[in-house]
Amino acid sequence: MAKLLKQPLKLALIQLSTGADKAANLSRARSKVLEAVHQHGANLVVLPECFNSPYGTKYFPKYAETLLPSPPSKDNIPEYEESTKNLYNTSLTFSPTGELLATHRKVHLFDIDIPGKIRFKESEVLSPGNKLTLVDIPEYGKIAIAICYDIRFPELAMIAARKGAFLLLYPGAFNLTTGALHWELQARARAMDNQVYVGLCSPARDMEAEYNAWGHSMVVDPNAEVLEQLDEKEGILVADLKEGIEEVRKGIPVYSQRRFDVYPDVSEGKVRWEE
Ligand SMILES: NC(=O)CC(=O)C(=O)O
């Protein structure tokens, strides 16, 4: 059987310091991407959720980008769709030559209210995406893209893994409340359930900002062990993803032990895809 990860992959997650100056955010992102590729030899580079903007509903309309037929290379940004006047939280995936491979719009909007801790309501300004995203990179295999709060819905991860993804990537921006509680737990849970690699890429923490990101970008391996992790400061995480998914699945063979005669296979139901 063909391996899910066809050859070793060097993954870089850029835990970027962002601020109010959009041009400075873009320029900083550019220099970090170049550093990840040229100094660390990364084959795949990820930027954090809404990296061109401070994270906050009042900022999204101002910082949003309209996607052009041939958009310049960006990653996770607020997006403005002219035809509908909708705003989305969008992650773009590009090939090394700048070809747009996939557009994932955050499916589950971050609407929470933990009294005395944090209230956030993305749905006040954003519209949700309606598709799951799987990107096939011929040299390496299939990668699933989702954004931050999407990680809390294990169905996305399960469906993508059963459709052959070797890596689940989540640009994200958890905060000091939910980050401490669930950031690592969510990453390890999605990796454990699905026996795949998981990458979470956060902005760096800024205690002067209104929203304090958790940081701690991390890569978890198919055994659900943390392979690499940053602290809360700006940095570039580099992780070597090697073959090994099949060995993990052989050792703990939940993949062949599922009882679809007892419960349904969620990946076989009606799924809307961006592929
Ligand atoms: N920012 C998010 O979308 C999600 C988050 O912070 C959380 O789930 O916690």
Side-chain angles (χ1 to χ4, degrees), residues 13-19 25 46-61 63-64 74-79 86-92 103-133 144-158 160 168-194 198-207 209-220 226 229-232:
L13 308 182
I14 298 181
Q15 187 162 292
L16 194 72
S17 277
T18 56
N25 294 336
V46 184
L47 287 161
E49 181 175 25
C50 296
F51 75 91
N52 67 347
S53 160
Y55 188 66
T57 49
K58 72 176 185 203
Y59 300 106
F60 296 150
Y63 286 75
K74 297 185 196 75
D75 195 78
N76 197 153
I77 51 163
E79 177 204 346
N86 285 342
L87 288 166
Y88 300 95
N89 184 333
T90 302
S91 181
L92 306 174
T103 302
H104 179 80
R105 290 170 167 165
K106 193 173 191 173
V107 172
H108 303 92
L109 296 181
F110 180 44
D111 285 358
I112 66 163
D113 189 356
I114 308 176
K117 301 273 189 191
I118 178 168
R119 179 188 179 277
F120 205 99
K121 220 166 180 340
E122 279 189 322
S123 65
E124 282 170 352
V125 298
L126 299 181
S127 299
N130 292 318
K131 289 179 184 161
L132 308 195
T133 305
I145 313 288
I147 301 174
C148 205
Y149 200 59
D150 284 336
I151 199 174
R152 292 186 181 271
F153 300 84
E155 292 88 344
L156 266 69
M158 207 177 283
L168 313 176
L169 273 180
Y170 301 89
F174 275 35
N175 48 78
L176 302 190
T177 301
T178 63
L181 278 171
H182 294 148
W183 177 257
E184 179 175 332
L185 189 61
Q186 291 284 347
R188 297 187 64 196
R190 298 296 84 79
M192 182 193 70
D193 288 346
N194 299 295
V198 173
L200 269 54
C201 183
S202 170
R205 190 177 304 167
D206 174 4
M207 292 311 290
E210 286 162 48
Y211 185 93
N212 310 122
W214 178 240
H216 294 273
S217 295
M218 66 170 60
V219 174
V220 178
V226 177
Q229 178 176 192
L230 298 178
D231 58 17
E232 75 286 359

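One-based numbering, in listed order, for ligands and for the atoms of each. Here the structure is a predicted model, which is why all the values come from computation and not from measurement.
Residues P154 and R190 meet the side-chain proximity criterion, which asks for heavy atoms closer than 4.5 Å.
Heavy-atom minimum distance, S53 versus F60: OG-CD2, 4.2 Å.
Evaluation of the side-chain contact (heavy atoms from CB on, under 4.5 Å) rule for M192 yields A224 as partners, not counting sequence neighbours. Residues meeting the ring-ring contact (aromatic ring centres under 6.0 Å, His included) test with Y211, sequence neighbours left out: Y55, F120. Taking the side-chain contact (heavy atoms from CB on, under 4.5 Å) definition, one finds that T177 meets it with I114, K117, I118, N175, sequence neighbours left out.
Sorted by chain and number, the residues within 4.0 Å of ligand 1 by heavy atom are Y55, K106, F110, C148, Y149, R152, A173, F174, N175, T178, Y211.
R119 has a carboxylate O that lies under 4.0 Å from a charged side-chain N of E124, or vice versa, which qualifies the two as a salt bridge.
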